[in-house]
Amino acid sequence: MAERDTDERDLRGEDPVEIANEFAFVRVRKVHTRNGERLEIEAPRRRTLIRLDPLELETIACNFDERLLGPDFKGSDDRGTTENGR
Amino acid sequence: MYQPQPDVLTFLDEFEGALNGGTIPIRTFNDSELHELELDRIFTRAWVFLGHESEIPARGDYVQRRIGRDPFVLVRGEDGEIRALFDTCRHRGAMVCRAERGNAALFRCPYHGWTYKNTGQLAGAPLLKDAYGSDLDKSKMGLHAAPHLESIHGFVFASLDPDAPSLDDYLGDARWHLDLIWGQYEPGWEVVGEPQRTVLAANWKAPADNFSGDDYHTVYLHRSTTETGIMENPAGDAALWDGYHVQLGNGHHFIRNMIPPEEPGPRFLGYPEEVQKGFSPTMQSEEQYEGLKHTVGFVGTVFPNFGFLCFPFKHDRSADFVTAMSIRVFEPRASGEMVAWTWSLCPKGVSEEFRQESYRTTMGTFSAAGTFEQDDSDPWMSITRSAGTTYARKVGMQVDYRMGMHGNASSRRVDDYPGPGVAYYSVLEEGGQRGFHRRWLQFMRSEDYPPKMTPEEQNAGAGVPGSNGGG
């Protein structure tokens with residue numbers, strides 16, 4: 001039987017792993033929606049959060065490019081990344 | 001626009017004459033020409049139930065659904081909006097959705113790789129600049145979406161006709177009844193698990209007709225469930241036919257079994273105390289609150305192919321009564337084939353134990369393995385077989401829907417029904433089914449969007465007591 005209705009702000013997921021260095025800190029975990037799964041990347045210091053599906057992740061893996069490092073990078077073009085904006 | 005064959009138009013004229021006399025040509029239950037016209041004139045126009053919001057709670061969650069035979073993806077976009085996207089790539093027409101349910105931010109066509117956001121917008125395509133230069137305006141090449149989509153209490157409906165009325169107008173007095181059932185429970189409702197689907201060699205109208213007020217069959221077809229002790233009447237001594245049939249306009253119908261306030265029997269559909277305290281007296285009218293308190297069970301339909309049913313049942317003879325609510329769609333596949341859908345709907349926030357019991361009871365009654373469904377699907381299939389026979393067509397065979405016409409039965413039109421609509425008491429009459437077929441006929445004959453049908457118009461031809469020598 002499928003899981004119970006989930007509040008999107010508090011998706012069920014795996015234990016997070018943290019990745020940090022002197023420049024940035026992110027917390028990453030796999031989350032489960034009712035019908036599928038995504039990779040959640042949270043940047044607590046910047047109070048932002050994004051949940052990427054496999055095709056988006058594959059695209060990042062294939063096309064990684066220095067442009068992604070620009071300060072305005074917000075994932076694909078219409079995706080807000082603040083917790084409130086998503 | 002699909003042009004009906006002259007033979008079909010003649011048939012529809014004959015159908016009206018027959019219906020006014022209380023019969024229906026059985027051919028309606030299995031005829032490929034009629035079916036093509038149904039797809040064109042009913043399923044591309046009517047508001048069709050697609051799913052419940054609780055099936056797609058997170059952004060990117062989607063389920064595959066059909067409107068008529070056509071595939072749509074019901075998806076909650078990255079913007080939080082729910083859409084019904086036509087599952088057909090704008091480039092060459094291949095299907096872009098590869099699973100029955102899932103979560104995706106992007107849908108990618110397997111043929112050339114055109115990729116769409118879950119809002120329907122074209123996100124990109126391989127070699128885009130080399131292949132098209134500046135000729136491809138991505139903003140104009142999104143997936144088609146159903147032009148109308150609205151939700152009521154989490155139930156998502158869509159219409160493919162730009163000229164369709166609002167869902168509220170379409171529902172007529174069915175809206176009051178949806179509010180009665182699903183508009184008074186504060187925590188809300190949710191689907192448990194996935195919908196179960198069963199392919200039946202039956203015409204979709206056989207179950208739609210059944211749900212539109214066929215109480216008569218319960219006395220005989222489902223007798224085994226009472227004989228074996230699996231089912232009992234939860235209302236105690238009250239007869240199974242003790243209830244209302246209510247015509248709601250626009251082809252919709254409601255069967256409502258109520259218990260007198262002085263009787264100690266079940267309250268609020270027999271839900272346990274933990275659920276009963278979630279019903280609020282202020283969310284709808286007092287009439288609806290008191291009305292739900294004294295409702296034991298119901299069977300409702302929204303034209304054309306959406307049904308819902310709720311009663312306290314036992315899933316086996318040693319179990320206690322557990323309230324089971326099933327949501328049904330009768331999906332057309334061909335004139336002689338359909339898919340029966342069952343969702344189990346449960347109040348939110350209940351104990352896991354009750355949730356499991358209610359799910360099990362729904363599936364033990366109205367699903368492929370359910371006692372009632374196994375009873376029902378056999379005649380639905382054999383009606384369809386009979387309707388497709390050469391003999392039946394040759395003699396223009398009619399089937400009988402006269403029960404309750406002209407007041408020739410114990411059932412009477414009543415004016416004390418606590419709600420809107422044209423109501424009859426008891427349920428031993430077939431006006432609801434005549435009303436379903438009357439609305440069907442109206443859709444089938446209308447070249448433009450058919451006008452509103454009032455409950456009185458839906459009940460046309462019922463006659464008055466004594467007008468046929470009886471009553």
Side-chain angles (χ1 to χ4, degrees), chain A residues 1-14 16 26-43 47-65 67-68 70 72-86, chain B residues 51-64 73-80 98-108 113 115-119 121 123-124 126 138-139 154 187-196 343-350 352 355-356 359-360 363:
Chain A
M1 189 178 298
E3 64 277 11
R4 304 183 67 143
D5 187 5
T6 359
D7 178 350
E8 199 185 348
R9 304 235 171 262
D10 187 26
L11 292 178
R12 194 163 56 81
E14 315 293 320
V26 294
R27 191 177 288 138
V28 180
R29 64 181 189 132
K30 180 169 159 178
V31 295
H32 301 274
T33 71
R34 192 179 200 271
N35 295 349
E37 57 195 29
R38 292 199 182 192
L39 185 72
E40 181 183 274
I41 306 172
E42 185 187 2
R47 302 164 67 87
T48 69
L49 157 63
I50 192 167
R51 293 181 182 132
L52 297 165
D53 87 343
L55 183 48
E56 290 176 309
L57 291 166
E58 186 186 72
T59 306
I60 291 171
C62 293
N63 296 330
F64 186 79
D65 170 319
R67 279 173 297 175
L68 299 188
D72 296 331
F73 172 58
K74 289 187 184 300
S76 55
D77 56 8
D78 68 342
R79 298 169 65 103
T81 57
T82 65
E83 219 168 340
N84 292 331
R86 271 180 63 88
Chain B
H52 195 267
E53 287 180 1
S54 63
E55 295 181 87
I56 47 172
R59 287 152 207 247
D61 279 343
Y62 70 84
V63 288
Q64 283 226 39
V73 184
L74 186 68
V75 55
R76 189 183 293 271
E78 251 10 73
D79 57 2
R98 315 306 297 175
E100 291 184 340
R101 68 178 185 123
N103 182 288
L106 299 165
F107 294 96
R108 174 171 285 175
T115 302
Y116 301 89
K117 297 175 185 176
N118 59 17
T119 55
Q121 204 183 343
K138 286 197 289 183
S139 70
W189 300 83
E190 64 183 337
V191 165
V192 184
E194 288 185 65
Q196 195 181 84
W343 291 256
S344 168
L345 198 77
C346 208
K348 278 186 182 172
V350 295
E352 190 57 26
R355 218 174 114 83
Q356 295 294 336
Y359 178 84
R360 189 172 168 198
M363 290 301 158

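Just so you know, these numbers use all the heavy atoms, side chains as well, and skip hydrogens, waters and symmetry mates. Each chain gets a letter, A, B and so on, in the order its sequence line appears, and its residues count up from 1.
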CD/B:E55 to CG/A:N35 distance, rounded to the nearest 0.5 angstrom? 8.0 Å
Would A:R34 and B:V191 count as a side chain to side chain contact (heavy atoms under 4.5 Å, CB included) if you check the C-alpha gap in whole Å, the side-chain angles of each, and the deciding distance to 0.1 Å? CA-CA 11 Å; A:R34 192 179 200 271; B:V191 165; 3.9 Å; yes
With rounding to the nearest 0.5 Å, note down the distance linking CZ in B:R108 to OG1 in A:T59. 5.5 Å
I'd like to know if the side chain of A:D53 reaches the main chain of B:A105, judged simply by a donor and an acceptor atom lying under 3.5 Å from each other, with no hydrogens or angles considered. yes
Let me confirm one number: the CD-OG1 distance from A:E56 to B:T115, rounded to the nearest 0.5 Å. 11.0 Å
For B:E100, is the CD atom crowded, meaning more than 12 foreign heavy atoms sit under 6.0 Å from it? no
Which of the residues B:I56, B:N103, B:L106 is involved in the greatest number of heavy-atom pairs with chain A at under 4.5 angstrom? B:N103
